[in-house]
Amino acid sequence: MIKKMLLGAVALAAVAAGTVSASASEFRIGILGGENQADRLRNFQCMVDQLKTKLGVDEVKLFPAADYDGVIQGLLGGTLDEAELGASGYAKVYLENKDAVDPILTTVQTDGSTGYHSVMVARKDSGMTKLADMKGKKLGFADPDSTSGYLVPNVALPKDIGMPVDKFFASTGFGGGHENLVLEVLKGTFDAGTTWASGVGKFEDGYTSGNLRKMVDKGELDMNDLVQLWESPLIPNGPIVVRAGLDKDMKQKFKDYMMNLPKTDPACFAAVEGGDFKGFTEVTPAFYETIIAARKATIGG
């Protein structure tokens, strides 16, 4: 009995420390926070059903984290096999342990670019039409580990407003993910907020992809209620990453599956990625050098 108790204690400690690896018959997918859990699970269910056969595993598990850091820590601890991160989230992983994950793919926009934008939106009835109108007002960010929702605005905005962010805005805060941030802007919690969008297509459609487009497609947002005040320079699309220690054969099978997904199941591809994209292209850590440097200089890790 005592032996069983000791073994159980050791097992629980190993799980807590993130040292237990999955069996060969299991593949674990991390899903970033940012929209409600039911929607995230529903969007990824098509992958769950297909990957069992493609990878030859008995089970594919989804782990929807409450925020970005939940997935980041799962990747660093080796308790997740795959996830799609924002560029800043990947930079955080890289700065803590550059050998933890391998970036393998990123999305290609409908115009052929491999980037997107941070956009600042406000209520249309606020009367604001430009960035200067936000002086002395409340700005909301999406998540501390979001590229478009925090890192890039803090790097790019000072150049456009001519002063540090904390000197221009009355206050700043976090909305608890991209979707919730926009809802908080509409509620009046913030005068404006930063979220992500392809910048391709029409604003009134929520662009071709991004958080605004996702919310429009789900019937949660009428773009006539918003106005755009600012757009950042192009940001590298975030990577799909896999655990560095993942079996090479499984890694290649997963990569092939994702590369083919836009053709084999366009509906699944659109659901997982949140909008219209051309497909995927291969990436390496070098693609994110500028974001890694920006995160290190601005946040420190």
Side-chain angles (χ1 to χ4, degrees), residues 10-11 13-34 44 47 51 54-57 59-107 114-115 143-148 150-152 155 235-259 272 280-301:
V10 170
V15 170
T19 57
V20 175
S21 60
S23 67
S25 62
E26 183 177 282
F27 189 75
R28 303 157 299 174
I29 299 174
I31 309 175
L32 293 178
F44 276 77
M47 281 182 62
L51 280 173
K54 296 294 182 181
L55 301 182
V57 296
E59 193 169 11
V60 174
K61 292 183 178 180
L62 299 178
F63 295 89
D67 55 18
Y68 282 41
D69 196 54
V71 170
I72 289 168
Q73 295 307 319
L75 292 167
L76 286 168
T79 58
L80 294 174
D81 296 309
E82 183 270 332
E84 186 164 358
L85 299 173
S88 183
Y90 169 66
K92 182 173 183 177
V93 174
Y94 183 91
L95 289 168
E96 187 160 336
N97 180 4
K98 65 183 180 65
D99 298 319
V101 300
D102 296 324
I104 56 171
L105 300 170
T106 194
T107 47
T114 52
D143 185 284
D145 292 314
S146 170
T147 317
S148 59
Y150 184 65
L151 177 62
V152 166
V155 171
I235 305 167
N237 285 344
I240 290 176
V241 302
V242 293
R243 181 169 55 85
L246 189 67
D247 175 78
K248 288 183 179 180
D249 183 55
M250 184 176 290
K251 188 182 299 185
Q252 188 60 51
K253 286 179 179 178
F254 175 75
K255 185 176 181 180
D256 292 343
Y257 163 78
M258 293 302 292
M259 284 290 287
V272 169
F280 293 108
T281 189
E282 295 183 71
V283 290
T284 66
F287 186 69
Y288 299 100
E289 284 179 350
T290 57
I291 297 296
I292 292 169
R295 175 155 188 137
K296 186 174 182 180
T298 306
I299 303 175

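Fair warning: this is a prediction, and the values are worked out from it, not measured in the lab.
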Check: [Y] and [X] side chains under 4.5 Å, non-hydrogen atoms:
| X | Y | result |
| --- | --- | --- |
| Y150 | D143 | no |
| T106 | P236 | no |
| L32 | E84 | no |
| K251 | D102 | yes |
| Y288 | P239 | yes |
| E282 | L105 | yes |
| Y90 | I292 | yes |
| K54 | K253 | no |

Are any side-chain N or O atoms of [X] and backbone N or O atoms of [Y], one a donor and one an acceptor, separated by less than 3.5 Å?
| X | Y | answer |
| --- | --- | --- |
| T147 | S88 | yes |
| D256 | M259 | no |
| Y94 | G89 | no |
| S25 | V57 | no |
| R28 | F63 | no |

Rounded to the nearest 0.5 Å, what separates atom [atom1] in [X] from atom [atom2] in [Y]?
| X | Y | atom1 | atom2 | result |
| --- | --- | --- | --- | --- |
| M258 | F280 | CE | CZ | 3.5 Å |
| L151 | I291 | CG | CD1 | 6.0 Å |
| M47 | F254 | CE | CZ | 4.5 Å |
| I240 | L85 | CD1 | CG | 10.0 Å |
| I29 | D81 | CD1 | CG | 8.5 Å |
| N97 | L76 | CG | CG | 6.5 Å |

Check L75 against A83 and note the closest heavy-atom contact, atom names and distance.
->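 What the structure gives for the nearest pair is CD1-CB, 4.1 Å.
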
For the residue pair D67 and G70, what are the closest heavy atoms and their distance?
->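 Shortest heavy-atom separation between D67 and G70 comes out as OD1-N, 2.9 Å.
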
Are R295 and D145 ion-paired here, with the side-chain N under 4.0 Å from a carboxylate O?
->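 Salt bridge flag = yes for D145 with R295.
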
Chi angles and distances behind the salt bridge (charged side-chain N to carboxylate O under 4.0 Å, His left out) call for D69, K92 | CA-CA 9 Å; D69 196 54; K92 182 173 183 177; 2.7 Å; yes

